[in-house]
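Below, chains carry the letters A, B, ... as their sequence lines are ordered, and counting in each starts from 1.
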There are 2 protein chains.
Amino acid sequence: MAFENYTIKDIAKALNLSTSTVSRALRDSYEISAETKKLVLAYAEKINYRANPIARSLKERKSYSIGIIVSEIANNFFSQVIDGIESVAYAKNYQVVISQTHESSERERLNVEHLYSRSTDGLLMALSAETIDSSYLEELMKKGFPIVFFDRVPGQIKSHKVIADNRQGGFEAVQYLAKKGRRKIAHLTGAKKLSITAERLEGYKMALLANGLDFSPALVKYCEYGGLHQAEIEKAVAELAEEDYDAIFISGDKLTTGYLQAMKDRPEADVNSILIAGFTNSKVVNIFSPTITAIRQPAFEMGKKAAELLIQQIESKYAVDEFETIVLPTTLIERE
Amino acid sequence: MAFENYTIKDIAKALNLSTSTVSRALRDSYEISAETKKLVLAYAEKINYRANPIARSLKERKSYSIGIIVSEIANNFFSQVIDGIESVAYAKNYQVVISQTHESSERERLNVEHLYSRSTDGLLMALSAETIDSSYLEELMKKGFPIVFFDRVPGQIKSHKVIADNRQGGFEAVQYLAKKGRRKIAHLTGAKKLSITAERLEGYKMALLANGLDFSPALVKYCEYGGLHQAEIEKAVAELAEEDYDAIFISGDKLTTGYLQAMKDRPEADVNSILIAGFTNSKVVNIFSPTITAIRQPAFEMGKKAAELLIQQIESKYAVDEFETIVLPTTLIERE
DNA sequence: ATGAAAGCGCTAACAA
DNA sequence: TTGTTAGCGCTTTCAT
């Protein structure tokens, strides 16, 4: 029977051993004779013994589970990151607990608290668009609770961080548009305070400069909820329509698809006159219309890397105080 | 300080009470005087006491967490279902643990076992495409472990089930194509043995019949991994190209986008001559090209309903033996 | 090499 | 109404 609920006690009784001996044998302790080990292992195997992880957690103050906090699961980029995280968690026998903020900093805080008190061993998170104050996270980390940030990372906090080279991505996107002869390149982006927003904006500016184009603040539109609400995007698109632009660089998954959707309501001539490059990890960009050039983040890799750093930190004997910031390259996928 | 690790003992000591009194006060037991309760609650509040859920789980044999098993998170339909599940779990104070099978029945079994032994209180699952033998799930359920199935449900097993009206969805899709004057309607679908495959096929056949069209097995193509691998779809599309069809009904999220992608490599004339209707929960169908008609499942609702049934079963005093099968309507979203 | 016993934080039967 | 005590399943110190 695959799923009986035997305990260490049952094994001990059956084999006439003490629970401690069984426990040690199971954990392959050096103090136990080869013979006894074999006996215990064999019997455990036979009855299909499964250690109760709850009991173990209580005793060891470790749950072999890690929390993930993202704004939305239903997002190409995040779901791919989660896949990456899962792949290493699975390999290292960690359970993964996912929760969503829906870009609300309050939900974020509740989730953090929940995951922390549920004794996850650490957290992987991308900040919500709303989050300004992340000092409570710092407090947690000071208490020895490991948190690794990815994608949207807090500026000051000392921790491992895994991000895409957003500056490069922005630069290449805009460079691409400029090389195609566009002179009035707009920028549609997310929450002003997010790290990714600033970085991509920098890339945008650098590319403008590199191509002798002026930076015009009127061509940059922010969506504080990163396109979570289509209305934000509609508004931005309407405002941009006043500006007579001939290309646009878009700074996020939802924003990119949201922009395309918003353009469905505009005269076709307008749409066709605008060249589009945007961050997106959609696997189906090639069936989008109008056609766009995609800047893809190595989402799976980011998840993997972040999870590795976290688990490494969790399992480290001493407090970690040397933190890494890993920057992974983006890829531009041209389509025309 | 938001995140101290106080225990019930600390409160007891500070207030000169016993731990049991504190425990009872915290849980608002009738045996405790209003005064004492107030005292305890106030102090707990003050020091920001958080019960240790691990300890509680161990004692109560209940973890206030539920497992979700789906084939892929990065799938519009499933991520929306998960959102629905999460919304009720959150409201009822359950944690949610997600895992993916990637359509492998072996992964599925490992996940089930893992979630079961990790003491989740119950499971919400959609079967993997590969799964044939679900008898081990029956064993588990017999032992009192609640499982609610959604979307891809096992035939014989006695349990709560939540599904979309796949027959209706298939019927309406094909009805729609027929009304547009199409006579040779193909069908691209998933794993033969899945419930959803059979049900949608039935709807397809019914609509053919209703419109005086012959059923031709050569026009039906199965993808055993539901389009997880694009190669399956390419193959099916190549085979279909031999058949000279003028419309197609597609039976799944991945299959629908995969089909569109595959068609990118075919002559434009071909593509334009084929009318497409497909199951998809993508929120961006309106920017797909070619244009398609979408059959949408009430994913969020399904998740909600399934979670409600599960939690109800978990919290039920007596063994549940009356099981419901909830069938929710699909919606056809025309685009042309 | 093995066992006895304590304890992780909490709940609950039983006593007072 | 409150306290004492045992115990959930496991690990681990300290004896033996």
Taking [atom1] from [X] and [atom2] from [N], how many angstroms apart are they, rounded to a whole number?
| X | N | atom1 | atom2 | answer |
| --- | --- | --- | --- | --- |
| A:Arg50 | D:dC10 | CZ | C1' | 17 Å |
| A:Leu58 | D:dG7 | CG | P | 17 Å |
| A:Glu60 | C:dA6 | CD | P | 21 Å |
| A:Ile54 | D:dG9 | CD1 | P | 12 Å |
| B:Lys13 | D:dG3 | NZ | P | 15 Å |
| A:Asn52 | C:dC8 | CG | C1' | 13 Å |
| A:Leu15 | C:dG3 | CG | P | 10 Å |
| A:Ile8 | D:dT12 | CD1 | C1' | 12 Å |

[atom1] of [X] to [atom2] of [Y]: how many Å apart, nearest 0.5 Å?
| X | Y | atom1 | atom2 | answer |
| --- | --- | --- | --- | --- |
| A:Thr19 | A:Arg24 | OG1 | CZ | 9.0 Å |
| B:Gln313 | B:Ser159 | CD | OG | 8.0 Å |
| B:Ile73 | B:Ile82 | CD1 | CD1 | 5.0 Å |

| field | Under 4.0 angstrom between A:Tyr49 side-chain N/O and D:dC10 OP1 or OP2 | value | yes
| Can you find a side chain N or O atom of A:Arg61 that sits less than 4.0 Å from OP1 or OP2 on C:dG9? | yes
| request: Kindly assign one of parallel, tilted or perpendicular to the pair B:His160 and B:Phe323, based on the angle between their ring planes and the thresholds 30° and 60°. | output: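 It falls in the perpendicular class, over 60°.
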| task | Please work out whether the ring planes of A:Tyr94 and A:Tyr64 are parallel, tilted or perpendicular, with thresholds of 30° and 60°. | result | tilted
| request: Confirm from the modelled atom types if A:Lys59 and C:dG7 form a donor-acceptor pair under 3.5 Å, side chain to base only. | output: yes
| query | Among residues 16-36 of chain A, which residues get a heavy atom nearer than 4.0 Å to DNA chain C? | reply | A:Asn16, A:Leu17, A:Ser18, A:Ser20, A:Thr21, A:Arg24, A:Tyr30, A:Glu31, A:Ile32, A:Ser33, A:Thr36
| request: Would you check if there is a donor-acceptor pair between the side chains of B:Thr101 and B:Glu108 at a distance under 3.5 Å? | output: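 Side-chain D/A pair, B:Glu108 to B:Thr101: absent.
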| Does NZ or CZ of A:Lys304 come closer than 6.0 Å to the centre of the six-membered ring of A:Phe300, within 45° of the ring's axis? | no
